[in-house]
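Below is one structure, written out as structure tokens, with a few remarks after it.
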Amino acid sequence: MRWALSSFAVLFVIHLLDYLDRWALTGVLPRIQRDLELTDFPAGSLNFFFLLTLSVVGPVVGWAGDRVRRTWLLAGGVGIWSIATVGTALVQNYPQLAAARLVLGIGEGTYGVLAPTLLADLFRREWRARAMSAFYMAMPIGYALGVFGSAWIARTSEAVLVGTPLEVWAGWRMAFLVVGLPGLIASVCLMFLPEPIRGGTEDVDPERARAAEKVRPTAADYQDLMVNSSYTYVVFGMASFTFAFGGFAFWLPSYLQRVKGFEEQTATLIVGGTGFLAAILGMGFGGWLADRLSRSNPRALFLVPGSAMLLSIPFVLIGLFGSSVPVVIGAVFLAEMLMFMNTGPCNAVISNVVTPNMRGVAYAVSIFFIHFLGDLWSPGLMGLVSDSLGHPEVMASWIGERLARLGITPVEQQDGSYRNLTAGMLVVVPAIALGGLVLLAGARHLPREMALMLAKLRAASAPPKPKPKPSPADEPA
């Protein structure tokens with residue numbers, strides 16, 4: 001267990017850096033939009049380029065991770081994303097910024113696919129939801145540090161460097177330089193991380209687990225994965241969550257500044273603080289509750305996150321339409337906390353229904369679909385809705401009149417244009433509802449497919465039966 005906890009600590013810290021690098025863009029997005037003269041649609045589409053490569057690279061990395069040493073692959077991925085983050089400080093236009101996000105996705109796709117497979121081989125099934133929840137707490141903590149930290153670095157560097165020979169690096173460029181460098185050190189540390197036995201934490205003998213580790217999945221095994229009901233339900237449920245939360249988190253700092261009138265420092269502090277606390281409580285409580293209830297009812301790994309997602313919808317609406325600062329902050333916090341309850345249980349489901357020798361591909365395919373169907377599109381779509389419903393002629397139409405009655409009105413920007421980011425933010429509500437319903441519907445399949453996975457693992461690790469010796473009568477004359 002000590003070795004498992006030490007490895008967990010290393011993986012957690014690097015996962016924190018992963019999300020810090022990923023979300024540094026959000027904290028300084030208004031500055032980048034001003035400097036590069038970007039409207040909401042191209043700004044929101046920056047996530048598309050990042051998630052495109054993250055999704056496409058994932059299946060290749062997953063296939064390799066089921067066959068070779070995973071820690072070395074992780075080291076290469078961390079190095080690539082860190083170089084891309086540092087390189088973002090050098091961009092001069094939108095195409096260069098999009099190219100940097102493309103490279104960032106290659107590195108982060110590697111880590112997102114392989115790290116959960118290591119965790120599944122470090123912690124037994126009865127601890128897995130909690131371990132996954134604790135690991136994925138790095139996501140919102142990294143988000144909080146990325147959003148608030150990058151904005152703070154940008155402001156501080158402007159105060160210190162403006163008027164000096166290093167003035168060209170002041171602002172958002174310095175933010176990317178600072179947050180990208182630690183990952184280069186982390187990539188070296190990963191080279192020395194031990195590699196656990198695939199399937200070593202399942203209910204089989206360690207030697208038999210080593211034997212099963214060498215068994216290569218067949219084409220039929222991969223086809224069976226696509227008709228594994230628990231797997232497909234959890235992937236589509238997480239895709240809906242990713243669509244909603246990815247877009248919500250991307251635009252929330254800008255929404256608080258542009259629509260609610262918060263100062264930049266206040267908005268990033270609120271987003272960072274609520275995200276941090278919501279992650280700690282939501283993921284921690286979600287993993288603990290799902291593990292506890294699943295002792296008597298394994299379906300709880302679906303029921304807990306599905307119910308929590310549906311319960312988050314009223315708080316999303318209150319956060320968007322609330323008029324007082326405490327109400328907005330409280331509602332955003334509760335909405336995020338409830339949505340975060342899905343992370344540990346849903347990833348535990350994948351580990352529990354997929355044999356260890358193909359978990360890399362399973363996580364890779366899940367990451368491909370949750371992003372390809374999720375936040376690959378949501379920030380850009382929300383930006384497009386904001387731009388489209390901000391035009392005065394659109395708001396003068398019957399659609400605009402009905403939106404205005406609901407308080408969904410455009411806001412004038414510094415350049416004199418109008419954008420309706422409130423309408424854009426509402427795109428997430430039906431996605432949250434769909435995700436919650438899909439997860440609740442998938443619960444009925446889980447006990448059967450958990451038992452089936454364990455039976456397959458035991459069959460793969462069983463020693464071959466000795467061939468019977470031929471009797472004298474069977475020997476040729």
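Keep in mind the model is a prediction, meaning the values are calculated, not measured. Nothing fancy with the numbering, it's 1 onward along the sequence.
- No donor-acceptor pair closer than 3.5 Å links the side chain of D40 to the backbone N or O of S386.
- Close placement of the F48 and W377 rings is indicated, their centers lying within 6.0 Å of each other.
- Listed for the Y231 side chain is a donor-acceptor partner under 3.5 Å among the backbone atoms of S366.
- Note: H15 and F135 have parallel aromatic rings, judged against thresholds of 30 and 60 degrees for the angle between ring planes.
- For the pair S378 and V427, the minimum side-chain heavy-atom distance is 4.5 Å or more.
- Atoms CE and OG1, on M174 and T156 in that order, are 11.0 Å from each other to the nearest 0.5 Å.
- At a threshold of 4.5 Å between non-hydrogen side-chain atoms, the residues F41 and R419 do not count as touching.
- Taking the side chain as every heavy atom from C-beta outward, M337 and T274 never approach each other to under 4.5 Å.
- Among all heavy-atom pairs drawn from A24 and S150, the shortest one is O-OG, 3.0 Å.
- Remark: L74 CG to C189 SG distance equals 13.0 Å, nearest 0.5 Å.
- T232 places a side-chain N or O within 3.5 Å of a backbone atom of S229 that can act as its donor or acceptor partner.
- The shortest distance between side-chain heavy atoms of F123 and R130 does not fall below 4.5 Å.
- Residues meeting the ring-ring contact (aromatic ring centres under 6.0 Å, His included) test with W81, sequence neighbours left out: Y111.
- A 6.0 Å sphere centred on CZ of F369 holds no more than 12 heavy atoms belonging to other residues, nucleotides or ligands.
- Checked against the 6.0 Å centroid criterion, the rings of F315 and F333 do not qualify as a close aromatic pair.
- In this structure, the side chain of T110 does not engage the main chain of G77 through any donor-acceptor pair within 3.5 Å.
- Atoms CG and OG, from L439 and S240 in turn, are 8.0 Å apart once rounded to the nearest 0.5 Å.
- Looking at heavy atoms from C-beta onward, P42 lies in side-chain contact with T39 at the 4.5 angstrom threshold.
- Formation of a donor-acceptor pair under 3.5 Å by the D18 side chain with backbone atoms of I14 is not found in this model.
- Residue F372 qualifies as open at atom CZ: its count of foreign heavy atoms under 6.0 Å is 12 or below.
- If you look at F302 and H445, their ring centroids are not closer than 6.0 Å.
- In this structure, R22 is positioned above the aromatic face of Y19, its NZ or CZ under 6.0 Å from the six-membered ring centre and within 45° of the axis.
- Here the shortest heavy-atom pairing between V147 and P253 reads CG1-CG, 4.0 Å.
- Heavy atoms only, all atoms of each residue included: G62 and V113 are closest at CA-CG1, 3.7 Å.
- At a threshold of 4.5 Å between non-hydrogen side-chain atoms, the residues F321 and I408 count as touching.
- When every heavy atom of S82 is checked against every heavy atom of D21, the shortest pair comes out as CA-OD2, 4.2 Å.
- Between the side chains of R70 and T117, at least one donor N or O sits under 3.5 Å from an acceptor N or O.
- At distances below 3.5 Å, not a single donor-acceptor pair connects side-chain atoms of N352 with backbone N or O atoms of M450.
- Judged by distance alone, the side chains of D375 and T242 never bring a donor and an acceptor atom under 3.5 Å apart.
- Surrounding CZ of R292 are at most 12 heavy atoms belonging to other residues, nucleotides or ligands under 6.0 Å away.
- Aromatic ring orientation, W172 versus F176: perpendicular (interplanar angle above 60°, classes split at 30° and 60°).
- Here the closest heavy-atom approach between residue M283 and residue F340 is recorded as CG-O, 3.5 Å.
- Judged by distance alone, the side chain of T53 and the main-chain N or O of L102 form a donor-acceptor pair under 3.5 Å.
- In this structure a side-chain-to-backbone donor-acceptor pair under 3.5 Å is missing from K260 to A267.
- Contact detail for A84 and V103: the closest heavy-atom pair is CB-CG1, 3.8 Å.
- Taking 4.5 Å as the limit, some side-chain heavy atom of E336 sits within range of a side-chain heavy atom of L252.
- With values rounded to the nearest 0.5 angstrom, Y233 atom OH is found 14.5 Å from C346 atom SG.
- Figure legend: R101 and F50 shown as a cation-pi pair, the cationic atom lying under 6.0 angstrom from the six-membered ring centre and within 45 degrees of its axis.
- L29 has its side chain within reach of F250: a pair of non-hydrogen atoms, C-beta onward, lies under 4.5 Å apart.
- Of the possible polar contacts, none joining the S388 side chain to the V385 backbone as a donor-acceptor pair under 3.5 Å is found.
- Side-chain N or O atoms of R31 include none that pairs as donor or acceptor with a backbone N or O of G171 at under 3.5 Å.
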